[in-house]
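This report refers to the structure that appears directly beneath it.
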Protein chains: 2
Amino acid sequence: MADDLDPRDFTSDDDGKRPLTRIQKVNRGKILEAALDVFSAHGFRGATLDQIAAEAGLSKPNVLYYFPSKEAIHAALLEGLLDIWLAPLRAIDPAGEPREEIMRYMRRKLEMSREMPRESRLFANEVLQGAPRMGAGLSTDLKTLVDEKAKVIEGWIAEGRLAPVDPHHLIFSIWALTQHYADFDTQVRAVLGPGKDPIEGAAPFLDMLFARLLAP
Amino acid sequence: MADDLDPRDFTSDDDGKRPLTRIQKVNRGKILEAALDVFSAHGFRGATLDQIAAEAGLSKPNVLYYFPSKEAIHAALLEGLLDIWLAPLRAIDPAGEPREEIMRYMRRKLEMSREMPRESRLFANEVLQGAPRMGAGLSTDLKTLVDEKAKVIEGWIAEGRLAPVDPHHLIFSIWALTQHYADFDTQVRAVLGPGKDPIEGAAPFLDMLFARLLAP
DNA sequence: GTCTAGTTTGACCGAACGGTCAGACTCACG
DNA sequence: CGTGAGTCTGACCGTTCGGTCAAACTAGAC
């Protein structure tokens with residue numbers, strides 16, 4: 001199970017400490033991969049170190065040799081993931097074509113719901129419970145980024161290149177509609193019944209929805 | 001805190017047992033009210049009986065006098081809430097005006113996000129983690145209801161009274177967009193900053209969104 | 001007032017959990 | 001092949017949690 005470590009580098013300690021051993025890199029990767037599985041499926045409180053250790057193929061004390069605590073594993077995951085998660089929003093280009101930029105953002109977020117559902121659920125679990133373990137600074141950084149992009153969208157609207165919509169709620173709607181398919185996957189599949197990937201059906205629907213919403 | 005018991009009747013035992021005592025009604029109500037608070041804020045696993053008991057103003061053994069287990073409290077909450085939760089969807093009238101019916105459903109769901117955020121988060125917590133404690137039959141009943149209403153919407157589309165959209169994903173989009181404001185309230189408020197109720201801003205946005213989406 | 005069914009609680013239990021520790025093992029470099 | 005830093009583990013600890021129980025304490029019908 002833990003064989004398919006993906007190449008993303010979660011093992012950033014970068015506190016100026018000495019370079020990581022090969023074994024350290026591998027095992028910290030295994031732990032974070034397992035922790036992502038367990039935390040996203042059961043929430044922070046519902047996850048146990050034994051579960052994580054078992055899924056990582058390590059003993060519990062060995063896991064605690066690489067991370068000082070359960071909290072630390074969770075924090076490392078959140079921190080490492082935040083940049084990836086917000087990258088598509090950052091990529092909105094003020095110089096681009098408005099509707100194209102927003103549609104691209106929406107499509108990229110939908111792709112992420114398909115390809116990184118565990119990451120989506122990890123954040124969802126955290127936010128649902130009031131984000132007690134997510135740095136308050138995170139909310140500050142997030143607000144800064146969103147406000148910046150909202151300004152860009154407002155500019156586009158002022159130029160008449162976009163329908164006049166509240167930019168903040170537009171961004172919320174993209175989050176809500178795309179992450180829904182990752183976070184509530186169980187419900188979506190229960191309703192649609194067995195068959196194709198729900199996101200395949202969602203893609204054209206969301207394309208139409210945002211096309212109609214954004215037309216000036 | 002537990003003084004404002006709302007009039008909704010959660011205390012349905014109705015297994016044909018003898019009628020409930022006055023004290024039974026009051027205390028079961030207190031427990032379920034407290035449990036809704038605690039479960040919705042921390043998830044099933046994150047909630048503790050001591051927390052629930054404290055918030056209900058009862059001792060832990062006393063709580064377990066009224067409910068056989070933590071699971072039973074959770075199950076009672078879910079069961080009692082499901083009808084309320086799906087009522088607006090059930091209320092969609094095949095004989096009504098299509099766009100009006102759907103807009104009404106959306107608005108009612110948004111209202112519920114404002115007035116019953118704890119209930120929304122209770123379900124969200126459960127579904128996020130794969131709905132392990134929600135009767136599999138629930139998914140069956142839910143599917144049945146959604147399929148029925150999807151057929152109604154398809155009929156409307158066939159008559160050309162509604163834009164041709166996938167009815168299932170239309171329903172998902174209503175769920176996603178409205179429940180987002182309850183489930184991710186923390187994030188929404190962090191981004192918008194302090195001030196008015198986020199849902200006040202969401203209402204006109206969602207009105208415009210669905211008006212544009214549904215126009216034939 | 002009495003008596004009983006219904007209610008409440010302090011004390012306690014076993015299991016699960018996060019975390020510790022001393023010592024055993026192993027890898028890589030000279 | 002020797003050695004020390006780095007890696008790993010079985011046994012254990014204190015706490016928390018869900019749940020039990022016997023005994024004490026009402027509420028209310030007669």
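Each chain gets a letter, A, B and so on, in the order its sequence line appears, and its residues count up from 1. For the numbers below, each heavy atom of this structure counts, side chains included, while hydrogens, waters and symmetry mates do not.
Between A:Glu101 and A:Arg104 a salt bridge is recorded (basic side-chain N to carboxylate O distance below 4.0 Å). With salt bridges taken as basic N to acidic carboxylate O contacts below 4.0 Å, one links A:Glu154 and A:Lys151. The residues B:Glu33 and B:Arg118 are annotated as salt-bridged, a charged nitrogen and a carboxylate oxygen being separated by less than 4.0 angstrom.
Put simply, B:Asn27 has a side-chain N or O that comes within less than 4.0 Å of OP1 or OP2 on C:dT8.
Scored by the salt bridge (Lys or Arg N to Asp or Glu O under 4.0 Å) test, A:Asp50 finds A:Lys60 as partners (sequence neighbours excluded). Checked against salt bridge (Lys or Arg N to Asp or Glu O under 4.0 Å), A:Arg45 has no partners two or more places apart in sequence or in another chain. By the salt bridge (Lys or Arg N to Asp or Glu O under 4.0 Å) test, A:Glu71 is found to be paired with no residue, residues two or more places apart in sequence or in another chain being considered.
When the C1' atom of C:dT7 is taken as reference, atom NZ of B:Lys25 falls 17 Å away, rounded to whole Å. For the pair A:Gln24 CD and C:dA28 P, the interatomic distance rounds to 13 Å; values are reported in whole Å. At whole-Å resolution of the value, CG in B:Leu49 and P in C:dT9 are 15 Å apart.
Enclosure of atom CD in B:Glu79 is not indicated, since only 12 or fewer non-hydrogen atoms of other residues, nucleotides or ligands lie within 6.0 angstrom.
Non-hydrogen atoms lying under 4.0 Å from DNA chain D are contributed by B:Lys60, B:Pro61, B:Leu64, B:Ser69, B:Lys70, all within residues 60-72 of chain B. Listed by residue number, the members of residues 38-48 of chain A with any heavy atom below 4.0 angstrom from DNA chain C are A:Ala47, A:Thr48.
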*Treat primed atoms plus P, OP1 and OP2 as sugar-phosphate and everything else as base, then score nucleotides 24-30 of chain D 5' to 3': B for base contact with protein heavy atoms under 4.0 Å, S for sugar-phosphate contact only, - for none.*
----S--
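In this structure the side chain of B:Ile73 reaches within 4.5 angstrom of the side chain of B:Val63, judged on heavy atoms.
There is no side-chain donor-acceptor pair under 3.5 Å between B:Asn125 and B:His42.
The aromatic rings of B:Phe39 and B:Phe44 sit parallel, their planes meeting at an angle under 30°, below the 60° perpendicular limit.
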